[in-house]
Amino acid sequence: MGAEVEIIRGCAEDISDLLRLIKVLADFEKAPEEVITTEAELLEDWELGRFEYLVLKHAQDGIIGISLFYPRYSTWKGACYYLEDLIVVPEHRGKGYGKMLLEATADYARKAGAKRLDWQVLDWNEPAVRFYEKMGAGIETEWWNCKWWLNKQE
């Protein structure tokens with residue numbers, strides 16, 4: 001498995017693949033219309049250091065997975081990282097690539113001094129819930145997500 005894929009930090013040249021995989025994830029989550037960001041916005045935000053990302057490159061198929069994350073801070077625990085998205089394209093799932101990508105993300109956060117990696121999972125995505133539990137993640141059900149749009153959304 002190791003020779004056919006590699007995980008490396010994403011770069012400017014990978015932004016179009018990043019957006020492509022964001023859209024794959026949005027389709028899977030039944031919300032394709034929610035993706036309003038553009039390649040130009042992603043590139044600018046990445047250049048400003050608003051997020052980091054890892055890409056999973058397959059020897060024959062190119063970029064087949066991504067992990068997008070950024071630093072956050074817990075007043076109770078200290079430095080943490082937030083995993084915004086982790087996706088492996090459907091035709092390459094079940095091969096251990098998601099585990100490799102999640103572990104690489106955790107290693108990145110750990111090396112940056114984070115004490116914890118946080119993320120969300122949809123309650124109906126039972127395969128992902130089982131995957132994360134198998135990896136040792138605690139899944140909380142007592143906290144509710146809140147969003148406050150700072151600019152009027154289209």
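As the structure is a prediction and not an experimental result, all values here were calculated from the model.
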Chemist: Is the backbone N or O of G78 less than 3.5 Å from a side-chain atom of K115, with the two atoms forming a donor-acceptor pair by type?
Modeler: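 Absent.
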Chemist: I need the E6 CD to L54 CG distance, nearest 0.5 Å.
Modeler: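 That separation rounds to 11.5 Å.
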Chemist: Run the salt bridge (charged side-chain N to carboxylate O under 4.0 Å, His left out) test against R9 and tell me which residues pass, sequence neighbours left out.
Modeler: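 Applying salt bridge (charged side-chain N to carboxylate O under 4.0 Å, His left out) to R9 gives E52.
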Chemist: When hydrophobic residues are tied together by side-chain contacts of less than 4.5 Å, even through go-betweens, does Y73 share a cluster with L117?
Modeler: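 Not linked; separate clusters.
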Chemist: Report the distance from atom CE of M135 to atom CG of L102, rounding to the nearest 0.5 Å.
Modeler: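 Separation between the atoms: 4.5 Å.
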Chemist: With side-chain contact (heavy atoms from CB on, under 4.5 Å) as the criterion, how do R50 and L42 come out once you've worked through the C-alpha distance, each side chain's angles and the decisive distance to 0.1 Å?
Modeler: CA-CA 9 Å; R50 291 185 172 144; L42 283 170; over 6 Å; no
Chemist: Would you say the side chain of K95 lies within less than 4.5 Å of the side chain of M100, judging by non-hydrogen atoms?
Modeler: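 SC-SC contact between M100 and K95 ruled out.
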Chemist: In terms of heavy-atom contacts, does CH2 of W143 have more than 12 from other residues, nucleotides or ligands at under 6.0 Å?
Modeler: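 Atom CH2 in W143 is not crowded, with 12 or fewer foreign heavy atoms closer than 6.0 Å.
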Chemist: Show me the donor-acceptor pairs, under 3.5 Å and distance only, between side chains in residues 14-30 and residues at least two apart or in other chains.
Modeler:
from: D14; atom 1: OD2; to: C11; atom 2: N; distance (Å): 3.1
from: D17; atom 1: OD1; to: R20; atom 2: NE; distance (Å): 3.2
from: D17; atom 1: OD1; to: R20; atom 2: NH2; distance (Å): 3.0
from: R20; atom 1: NH2; to: I63; atom 2: O; distance (Å): 2.7

Chemist: How many angstroms lie between CD in Q120 and CG in N125, if you round to the nearest 0.5 Å?
Modeler: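 Going from CD on Q120 over to CG on N125, the span is 12.5 Å.
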Chemist: Please give me the minimum heavy-atom distance between S67 and L101, naming the atom from each residue.
Modeler: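 The answer is CB-CG, 3.9 Å.
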Chemist: To the nearest 0.5 Å, how far apart are CG in L86 and NZ in K99?
Modeler: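 So the gap between those two atoms works out to 13.5 Å.
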Chemist: Considering non-hydrogen atoms only, spot the tightest contact between S74 and C80 and give its length.
Modeler: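 Shortest heavy-atom contact: CB-SG, 3.8 Å.
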Chemist: Rounded to the nearest 0.5 Å, what separates atom CZ in R130 from atom CD1 in I139?
Modeler: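 Output value for this atom pair is 11.0 Å.
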Chemist: Using 30° and 60° as the class limits, which term best fits the ring planes of Y108 and Y81: parallel, tilted or perpendicular?
Modeler: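 The arrangement is perpendicular - the two ring planes meet at more than 60°.
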Chemist: Let me confirm one number: the CZ-CG distance from F51 to L68, rounded to the nearest 0.5 Å.
Modeler: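 CG of L68 is found 5.0 Å from CZ of F51.
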Chemist: Is it the case that over 12 heavy atoms from other parts of the model lie below 6.0 angstrom from the CD atom of E126?
Modeler: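 Open: at most 12 neighbouring heavy atoms sit under 6.0 Å from CD of E126.
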Chemist: Can you name the nearest heavy-atom pair linking Y97 to H58, along with the distance?
Modeler: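 In this case the closest contact between Y97 and H58 is OH-CD2, 4.0 Å.
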